[in-house]
Amino acid sequence: MTKRRLIALVTFLAGLYYFLEFVVPPTVPWRTVRGEVAAVSEEALTLRVDGQTQQIPLARHLKIYRERPTGAPEQVEPAQLRPGDRVSAGPTTYLSDWLTSVNNFFIVLGAMAWGMGLISLVLVHSGNIRRRRPEWYGSVMFFLAVGGGVVAGLGYGVQSGWLREANDVVFNYLLRPMGSTVFSLLAFHIATASYRAFRIRSGEAALMMASAFVVMLGQIPIGLWLTHSLPPYMQLPVMAQWVLYIANSAAVRGMWFGMMVGAIAVGLRFWLSLERGAFFDREL
Amino acid sequence: MEHANLQIVVAIVLFSTLILWRIFGARRGKGGYVRRIPGLNEIDEAIGRATEMGRPMIFHPGVGEVQNVGTLAALGVLGYVARKAAQMGSRVIVTTAIPVVVPVAEDIVKQAYTQAGRPDLFNAEDIRFLAASGDQLALATANVMQQEGTAAHFFFGMYDYTSLLLTEPGQRTGAIQIAGTDQYFQVPFFIASCDYTVIGEELYAASAYLTREPTMLGSLVGQDYAKMVVLAVILVGALSTTLLGSQNLFVQLIGAYR
């Protein structure tokens, strides 16, 4: 129980930091000056505020945020400012200053997990070899590949020599083309999956088939050639655009709203450790 | 890092309040009705089928990092699948390309088997980090499907182009396949190659639907209230813009057209 409460506490505190970092303004609101940049020098930033100019010394704790069209601020250095930019400048609230350090902490934690991943692989493959499971020789290849990969990895950034060549062979001449080969399998998978999907077995499948037919023909020149003599709204490219950008957009936006609200709900449940199913066997 | 503007802060606080209000309401016994989600109903069927055939099943929690909302929701589903499999004395193999997911998945599966009174059935080798990239993982997972003769495949979480690389080989093995993703671009591929597909936010609702816990159900009801607020904002915004022009008070208040 103590372990669970500790996990819940750490989860809450970590989530609280990210939540506050997101919602708390990056500069102290009552000491922040908003205006239009008039001039920038090495010592001070001059802003036009309500028709009057105001000089703000470029102190170390001063943060400058440029306003984007969405209203969300973007942190900039004084050298990046141009006359006419809409900015807000004020003393930092320090939350954002810690962000890089906190993110680095999680990167270190993630790096530890790579060790766990390697242990998992070693467990599986050593088991395969020990028990002489089918294709156990593939597991021997795994250990050889790990050894070879580590040696080849030492050649990263090296300008010349056999280590550099080993790096090129493993990463550029072997892994990259093999990755491309696997990726190219997608074309065949799409063909077989489409065949199954387009068999008309229900009203929905017929609708899907019809809309796919319109969109596909609308994307290629033959679609326009077939329907160019019809009124514009009956031409296949126009119909394809309508399906893609009107009908489809409405459905996708509907999904987006649901997903965003759902993401807030899942985030809240995990943040407050209310998600019983995943990590806790009962509610805290 | 992005910072919220005032409208976003108000929206987050409002939605969070609605969701928490319904969660605590549900804990006091004011639950709600959840519509039927066929893809999630079939999870029990798939586990039962794999158990009857005496074959293991594969759970793949997507290609997103562990902090991704889709991955978190998928791990919730993994908890349920592992519990059911443990109760039926069946075996779940988890494959992933994300190393951080390995210890988390291991903990979830181990806990499920322990709670079901079958800790002897848990095998750490069944939580497999197979490769560091998506396409290599897809190949390796297809190999596991062939070697182990798996009878049910579950693909839940965030997916990229590897969705089809994972599910098409699975389709050819004849296993029952259930998928769920919040990446709408991958949904058609799952529909084409899986027996059942859970779409978009249904993935986030999966834990609630499967466990029927008051907390989870309350959260779903809260989400629906939040969506009603979004819908109302869209309707009022569209009407006010149509009748009063794009610079009316309501539009300025919600910060649109900035």
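Worth knowing before you read on, the calculation uses all heavy atoms, side chains too, and leaves out hydrogens, waters and symmetry mates. Please read these numbers as outputs of a predicted model, since none were measured by experiment. Below, chain A is the first sequence line, B the second, and so on; all start at residue 1.
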With a strict 4.5 Å heavy-atom criterion, list every residue of residues 159-167 of chain B that contacts chain A, or say none.
B:Tyr161, B:Leu164, B:Leu165
Heavy-atom pairs under 4.5 Å with chain A, option from B:Ala226, B:Ser133, B:Ser193, B:Ser16 with the top count
B:Ser16
If one checks every heavy atom of A:Tyr195 against chain B at 4.5 Å, the contacting part turns out to be neither
Which portion of A:Met259 sits near chain B, non-hydrogen atoms under 4.5 angstrom
both
Region of [X] that comes under 4.5 Å of a non-hydrogen atom in chain A:
X        : answer
B:Ile23  : side chain
B:Gln223 : both
B:Asn123 : neither
B:Leu6   : neither
B:Val102 : side chain
B:Ile8   : side chain
B:Glu65  : neither

Can you see whether B:Tyr209 has B:Arg212 sitting over its ring - NZ or CZ less than 6.0 Å from the centre and within 45° of the normal?
yes
Does the cation-pi check pass for A:Arg133 over A:Trp136, that is, NZ or CZ under 6.0 Å from the six-membered ring centre and within 45° of its axis?
no
Report all side-chain donor-acceptor pairs from residues 243-252 of chain A shorter than 3.5 Å, counting only partners two or more places apart or in another chain.
unit_1: A:Ser249; atom_1: OG; unit_2: A:Tyr245; atom_2: O; d: 2.9

Report the option among [options] that has the most heavy-atom pairs separated by less than 4.5 Å from atoms of chain B.
options                               : answer
A:Met255, A:His189, A:Met178          : A:His189
A:Pro25, A:Ala193, A:Gly115, A:Gly179 : A:Ala193
A:Ile190, A:Leu118, A:Leu175          : A:Ile190
A:Leu109, A:Ile119, A:Leu121          : A:Leu121

State whether [X] and [Y] are salt-bridged, where the test is any N-O pair (Lys NZ or Arg NE/NH1/NH2 against Asp/Glu carboxylate O) under 4.0 Å.
X        : Y        : answer
B:Asp224 : B:Arg22  : no
B:Glu148 : B:Arg128 : yes
A:Glu77  : A:Lys63  : no

Throw together a table of side-chain donor-acceptor distances under 3.5 angstrom for residues 261-270 of chain A, partners on residues two or more places apart or in other chains.
unit_1: A:Arg269; atom_1: NE; unit_2: A:Glu275; atom_2: OE1; d: 2.8
unit_1: A:Arg269; atom_1: NH1; unit_2: B:Ser219; atom_2: OG; d: 2.7
unit_1: A:Arg269; atom_1: NH2; unit_2: A:Glu275; atom_2: OE1; d: 3.3
unit_1: A:Arg269; atom_1: NH2; unit_2: B:Tyr204; atom_2: O; d: 3.2

Could you give me the CA-CA distance, side-chain angles and deciding distance for A:Thr32 and A:Thr27, then say whether side-chain hydrogen bond (donor to acceptor under 3.5 Å, both in side chains) is met?
CA-CA 6 Å; A:Thr32 299; A:Thr27 52; 2.9 Å; yes
For the residue pair A:Glu21 and A:Ser96, confirm or rule out a side-chain donor-acceptor distance under 3.5 Å.
yes
Looking only at side-chain N and O atoms, does A:Thr192 offer a donor or acceptor that is under 3.5 Å from a partner on B:Glu168?
yes
Would you compute the distance between atom CZ of B:Arg83 and atom OG1 of B:Thr114 and round it to the nearest 0.5 angstrom?
12.5 Å
Can you name the salt bridge (Lys or Arg N to Asp or Glu O under 4.0 Å) partners of B:Glu106, sequence neighbours left out?
none
Does any non-hydrogen side-chain atom of B:Asp126 lie less than 4.5 Å from one of B:Val109?
no
